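The structure displayed is predicted, hence computed values, not measured ones.
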Amino acid sequence: MVLSGLCLGLAACAADKGPPLENFTPKEIFDRAEYELETGDLEDSARYFSEVERLYPYSEWAKRALIMQAFALHADRKYEDARAAAQRYIDFYPADEDAAYAQYLLALTYYDQIGEVGRDQGITFQALQALRTVIERYPDSQYSRSAILKFDLAFDHLAGKEMEIGRYYLKRGHYAAAVNRFRVVVEDFQTTSHTPEALHRLVEANLAMGLTNEAQTAGAILGYNYQGSDWYQDSFTLLTGQGLLLEPAGQSWLRGIWRQSVQGRWL
């Protein structure tokens, strides 16, 4: 995009060397914002888009600038500001064709922070909630499928964090605390990739506590649902090595999971 004279004029405005931005049309400011975006100056791009919104709040350009401002802020990893801009778009233009994208962008401001070191799981729950809104409110949009995929990954991430904590407790001999974490995965995250390992860890932890009924039942559930997995082979070796069968026993919470598995209502 070539905006030589205009770019120089607006650059001068930004440096307080020329006429104020009010002297330019919304299209001119918008074009400058797009130019900054294309050249990689995300901060200036977002600033110019916000000026369109500020100076011409009821124009069609303001609407376009608002969604682009959210985009530029997100690209610049200014997630809170991007979220605020996206939410304003949703609030002001809920029926607009770009409302689905604004909601998806809002969800990304949470989702893109999930893997950051030191983040608690609150951000993941917020990402799940925002992604679910995209899926449920805009099921036919082009963003729905991507939102579903990201929802599944975020859900898997939550299960992974429970597993991480459970392994920590298990390694240090805090077996009851470990069982509580693995139970969360089995009961609340059973559709994730972490379930087979969670069941095996339940075999390990319960055997360590001398709770053979629970260990056998966890092994039975693992065998019924994931007999081809390495985790099943590990549990089979562990249990049979102690003369135990992989079969339901006792009346613990795991026995209820076993009944659901057999009846086909667990997975």
Report summary line: Across all chains, not counting sequence neighbours, the salt bridge (Lys or Arg N to Asp or Glu O under 4.0 Å) partners of R255 are none

Requested in this report: Give the minimum heavy-atom separation between L106 and A130, together with the two atoms involved.
Outcome: CD2-CB, 4.0 Å

Query - For H194, all residues meeting ring pair (Phe, Tyr, Trp, His ring centres under 6.0 Å), sequence neighbours excluded - result: none

Report summary line: Between E214 and L254, the two heavy atoms sitting closest are O-CD1, 3.4 Å

Query raised in the report: Which other residues end up in the same hydrophobic cluster as I165, if Ile, Leu, Val, Met, Phe, Trp and Tyr are linked when side-chain heavy atoms come under 4.5 Å apart?
Result: Y168, Y169

Query - Ion pair check, D91 and R88, cut-off under 4.0 Å - result: no

Query raised in the report: Of all heavy-atom pairs between V186 and A198, which one has the smallest distance, and what is that distance?
Result: CG2-CB, 4.0 Å

Requested in this report: Identify whether L239 and L222 are in the same connected component of the hydrophobic contact network (ILVMFWY, side-chain heavy atoms under 4.5 Å).
Outcome: yes

Query - Y89 side chain to D96 side chain, donor-acceptor N/O pair below 3.5 angstrom - result: yes

Query raised in the report: For the salt bridge (charged side-chain N to carboxylate O under 4.0 Å, His left out) test, which of R181, R201, R183 pairs with E162?
Result: R181

Report task. List in chain and number order the residues that pass salt bridge (Lys or Arg N to Asp or Glu O under 4.0 Å) with E247, two or more places apart in sequence or in another chain; answer none if no residue qualifies. Result -> none

**Report entry** Results of ring pair (Phe, Tyr, Trp, His ring centres under 6.0 Å) for Y104 - residues two or more places apart only
**Finding:** Y143

Query raised in the report: Is the shortest side-chain N to carboxylate O distance from R32 to E28 below 4.0 Å?
Result: no

Requested in this report: Determine the interplanar angle of the F30 and F49 rings, folded into 0 to 90°, and report it as parallel if under 30°, tilted if 30 to 60°, perpendicular if over 60°.
Outcome: perpendicular

**Report entry** Distance-only side-chain donor-acceptor flag, D112 / H74, under 3.5 Å
**Finding:** yes

Query raised in the report: Could you walk me through whether R83 and E80 pass the salt bridge (charged side-chain N to carboxylate O under 4.0 Å, His left out) check?
Result: CA-CA 5 Å; R83 192 177 307 135; E80 290 189 12; 5.2 Å; no

**Report entry** salt bridge (Lys or Arg N to Asp or Glu O under 4.0 Å) involving E60 - partner list, sequence neighbours excluded
**Finding:** K63

Query - Side-chain heavy-atom pair I90, R137 within 4.5 angstrom cut-off - result: yes

Query raised in the report: Would you call R167 and E197 a salt bridge, taking side-chain N to carboxylate O under 4.0 Å as the test?
Result: yes

Query raised in the report: Which heavy atom of N206 sits nearest a heavy atom of A215, and at what distance?
Result: CB-N, 3.8 Å

